[in-house]
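Okay, so here's the structure we're looking at.
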Amino acid sequence: MTAPLGRPARVLTDEELEHQGTQAHATRNWVFLHGTAAQFATHTARMLELEQEYIRRFPKRTWQGSGGAPAAAGDEVEQMKAAIAGIVVQLQALLEITPAEPAGGDVPGDPVDALLRRVAEAPGGRMHKLVVHQAARELGISREKLAELYKGDPRLLDTEKGDRVITEAGKARIAAAAQ
């Protein structure tokens with residue numbers, strides 16, 4: 001089930017429409033990388049609604065009204081057809097997304113230990129931060145619990161630029177769990 005989309009874009013003031021559109025674009029990358037499929041679908045639907053309303057109100061501010069779109073009389077219908085076709089393509093892509101199998105369901109033992117093992121088994125005992133984030137999600141580890149791995153005493157994971165690296169304490173925890 002997806003969350004409600006908020007007030008319909010048509011009833012927003014111009015200022016609200018611009019603000020919400022800016023926010024939608026600013027958060028797009030985060031939702032793409034970290035959101036669930038439902039959040040991504042909701043975000044996409046809302047962003048498209050805001051964009052279409054913006055185009056309806058301010059056609060000359062976008063490429064559609066400033067030379068990128070057909071300019072001859074009667075082209076407005078073709079322009080709308082092209083916009084709708086683009087929306088359909090995006091929606092079809094969302095429908096084709098196959099949810100990943102949850103990897104955490106068949107992992108025996110503590111999910112934190114499983115995450116630490118994954119990092120330890122990666123080349124150099126390091127993984128890109130986004131891979132660690134996804135692995136934690138698959139294993140059912142909350143964001144707060146994941147943060148504890150970096151901030152707890154002892155720290156079980158360290159940060160090195162965009163990578164997450166298992167610490168000696170993390171390796172010791174894995175070894176203890178294996179016994």
Side-chain angles (χ1 to χ4, degrees), residues 1-9 11-12 15-51 53-54 90-179:
M1 176 139 244
T2 58
L5 297 178
R7 292 174 40 217
V11 301
L12 298 175
E15 185 175 279
E16 291 170 330
L17 179 64
E18 288 188 39
H19 177 74
Q20 288 193 22
T22 299
Q23 287 300 108
H25 288 113
T27 58
R28 184 68 174 169
N29 193 48
W30 188 94
V31 173
F32 175 70
L33 292 175
H34 307 290
T36 64
Q39 289 170 326
F40 186 73
T42 300
H43 190 276
T44 299
R46 181 61 172 178
M47 189 176 68
L48 291 173
E49 179 188 11
L50 294 168
E51 288 176 350
E53 181 60 18
Y54 190 87
Q90 292 180 47
L91 293 176
Q92 285 176 331
L94 287 174
L95 293 174
E96 293 172 5
I97 292 174
T98 304
E101 291 290 324
D106 59 349
V107 176
D110 187 323
V112 170
D113 291 341
L115 178 65
L116 293 174
R117 277 194 303 275
R118 286 187 187 185
V119 176
E121 291 169 0
R126 66 178 53 234
M127 289 178 128
H128 189 274
K129 64 183 177 184
L130 295 178
V131 176
V132 172
H133 183 88
Q134 292 298 338
R137 182 186 314 187
E138 291 172 2
L139 293 166
I141 299 171
S142 69
R143 298 175 74 188
E144 294 79 15
K145 189 145 185 129
L146 180 61
E148 288 175 18
L149 302 181
Y150 304 106
K151 297 177 181 176
D153 185 21
R155 289 190 324 226
L156 302 176
L157 291 175
D158 248 337
T159 60
E160 287 186 15
K161 297 184 180 177
D163 288 341
R164 301 301 179 251
V165 182
I166 190 157
T167 64
E168 290 303 318
K171 293 175 184 174
R173 178 175 165 144
I174 295 171
Q179 295 177 359

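Proximity of Arg155 to Leu149: side-chain heavy atoms (C-beta onward) are nowhere separated by under 4.5 Å. Considering only heavy atoms from C-beta on, Gln20 stays 4.5 Å or farther from Glu53 through its side chain. Counting heavy atoms from C-beta outward, Val112 and Lys145 have side chains that approach closer than 4.5 Å. The side-chain heavy atoms of Glu168 and Lys171, taken from C-beta on, include a pair separated by under 4.5 Å. With contacts defined as side-chain heavy-atom distances shorter than 4.5 Å, the pair Thr42/Arg46 does not qualify. For the pair Phe40/Arg28, a side-chain contact is recorded, criterion being any heavy-atom separation below 4.5 Å from C-beta on.
Note: Thr27 OG1 to Met47 CE = 9.0 Å, rounded to the nearest 0.5 Å. For the atom pair NE2 (His133) and CG (Leu33), the distance works out to 9.0 Å, reported to the nearest 0.5 Å. Distance check, rounded to the nearest 0.5 Å: CZ of Arg118 to CE of Met127 gives 7.0 Å. Distance CG/Leu50 to CD/Gln23: 11.0 Å, rounded to 0.5 Å. Atoms CD1 and CG, from Ile174 and Leu116 in turn, are 5.0 Å apart once rounded to the nearest 0.5 Å. With rounding to the nearest 0.5 angstrom, the CD atom of Gln134 is 11.0 Å from the CG atom of Leu139.
Taking all atoms of both residues into account, the shortest heavy-atom contact from Val165 to Val119 is C-CG1, 4.3 Å. For the residue pair Ala136 and Leu115, the shortest heavy atom distance occurs at N-CD1, 4.0 Å. In terms of heavy-atom proximity, Tyr150 sits nearest to Val132 at OH-CG1, 3.8 Å. Pairing each heavy atom of Pro111 with each of Ile141, the nearest pair is O-CD1, 3.5 Å.
In His128, the NE2 atom is crowded: over 12 heavy atoms of neighbouring residues, nucleotides or ligands sit closer than 6.0 Å.
Listed for the Thr167 side chain is a donor-acceptor partner under 3.5 Å among the backbone atoms of Leu156.
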